[in-house]
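The structure appears below as structure tokens.
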Amino acid sequence: MTGFYLGDNNLITSTIPKELGNLKNLFELDLSNNTFVGSIPSTLGLLTNLSNLDLSYNEINGSIVSEIGMLKKLLVLKLEHNKLTGLIPSSLGNLTSLTKLCLNSNQINSSIPL
């Protein structure tokens, strides 16, 4: 499986399963427009082939996990419209292929690492 799309269901009220980190061949993971709660699982950092990660428009809280910085092939990271707090991890500076970063409409209070 190379793509996992659960976007626009708006029916899922659960945490993001940490087991998604076992899907090592994923290129795209779209869980947008649901009501996922809780924090971003650090196991998503194991998805090293990922080019698109969309967790936008959920109820995800906590901070952005530093393991996201391990996704070196990531082109698009969409985390907007959640309840994320804290600092942007410096590990995001490792995402040198990133072309789109959406963090708006959260409670993040730091600058973007370069």
Side-chain angles (χ1 to χ4, degrees):
M1 177 173 15
T2 59
F4 191 79
Y5 309 95
L6 284 178
D8 296 314
N9 280 301
N10 208 18
L11 300 172
I12 301 169
T13 303
S14 177
T15 58
I16 298 171
K18 65 180 180 181
E19 292 79 13
L20 286 175
N22 295 329
L23 301 174
K24 305 251 190 290
N25 293 322
L26 279 186
F27 289 105
E28 295 188 63
L29 178 58
D30 183 349
L31 303 178
S32 64
N33 291 302
N34 286 289
T35 49
F36 281 107
V37 297
S39 59
I40 299 170
S42 61
T43 54
L44 293 187
L46 300 172
L47 302 175
T48 54
N49 288 312
L50 218 56
S51 63
N52 186 355
L53 177 58
D54 190 349
L55 304 178
S56 62
Y57 292 90
N58 280 289
E59 301 291 323
I60 300 168
N61 58 32
S63 52
I64 301 169
V65 293
S66 62
E67 288 82 359
I68 296 292
M70 295 169 29
L71 305 177
K72 307 275 189 197
K73 297 179 182 177
L74 204 60
L75 299 173
V76 176
L77 177 57
K78 296 180 75 178
L79 301 175
E80 75 265 28
H81 291 275
N82 278 292
K83 296 181 176 180
L84 295 169
T85 59
L87 303 175
I88 298 171
S90 61
S91 64
L92 287 193
N94 298 331
L95 303 177
T96 56
S97 298
L98 201 63
T99 60
K100 186 172 191 174
L101 175 64
C102 302
L103 299 175
N104 55 295
S105 299
N106 283 290
Q107 289 103 36
I108 297 170
N109 56 9
S110 71
S111 58
I112 298 171
L114 301 174

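As the structure is a computational prediction, the values presented were derived from the model and not from experiment. Counting begins at 1 with the first residue of the sequence.
For Ser91, there are no side chain to side chain donor-acceptor pair (under 3.5 Å) partners, not counting sequence neighbours. Remark: Asn106 pairs with no residue by the side chain to side chain donor-acceptor pair (under 3.5 Å) rule, at least two apart or across chains. Under the side chain to side chain donor-acceptor pair (under 3.5 Å) criterion, Ser51 pairs with no residue, sequence neighbours left out. Listed by chain and residue number, Glu80, His81, Cys102 satisfy the side chain to side chain contact (heavy atoms under 4.5 Å, CB included) test with Asn104 (two or more places apart in sequence, or in another chain). Residues satisfying the salt bridge (Lys or Arg N to Asp or Glu O under 4.0 Å) test with Lys73, not counting sequence neighbours, are none. Residues that satisfy the side chain to side chain donor-acceptor pair (under 3.5 Å) test with Asn94, not counting sequence neighbours, are absent from this structure.
The shortest distance between side-chain heavy atoms of Leu50 and Leu29 falls below 4.5 Å. Looking at heavy atoms from C-beta onward, Asp54 lies out of side-chain contact with Leu31 at the 4.5 angstrom threshold. The closest side-chain heavy-atom distance from Asp30 to Leu55 is not below 4.5 Å.
Heavy atoms of other residues, nucleotides or ligands lying less than 6.0 angstrom from NZ of Lys100 number 12 at most.
Applying the side chain to side chain donor-acceptor pair (under 3.5 Å) test to pairs two or more places apart or on separate chains, those with a residue in residues 59-68 are Glu59-Lys83. Among pairs with a residue in residues 85-99, none fulfils salt bridge (charged side-chain N to carboxylate O under 4.0 Å, His left out), at least two apart in sequence or across chains.
Under a hydrophobic clustering in which Ile, Leu, Val, Met, Phe, Trp and Tyr are joined whenever their side-chain heavy atoms come within less than 4.5 Å, directly or via other members, Leu26 and Phe36 fall into the same cluster. The hydrophobic clustering, which links ILVMFWY residues whose side-chain heavy atoms are closer than 4.5 Å, places Ile88 and Leu98 together. At a threshold of 4.5 Å between side-chain heavy atoms, the hydrophobic network of Ile, Leu, Val, Met, Phe, Trp and Tyr places Ile60 and Leu20 in one connected group.
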Could you list the donor-acceptor pairs under 3.5 angstrom formed by side chains in residues 37-48, with sequence neighbours left out?
from, atom 1, to, atom 2, distance (Å)
Thr43, OG1, Lys18, O, 2.7

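Looking at every heavy atom in both residues, Phe27 comes nearest to Asn49 through CD2-O, 3.3 Å.
Panel note: side chain Thr85, backbone Gln107; no donor-acceptor pair is recorded below 3.5 Å.
With rounding to the nearest 0.5 Å, the separation of CD1 in Ile16 from CG in Asn58 is 6.5 Å. We find the OG-CG distance between Ser56 and Leu79 to be 8.0 Å, quoted to the nearest 0.5 Å.
In the hydrophobic clustering, Val76 connects to Leu75, either directly or through intervening members, whenever side-chain heavy atoms lie under 4.5 Å apart.
Applying the side chain to side chain contact (heavy atoms under 4.5 Å, CB included) test between Leu74 and each of Asn52, Leu92, Leu53, Leu101 identifies Leu53 as the sole match.
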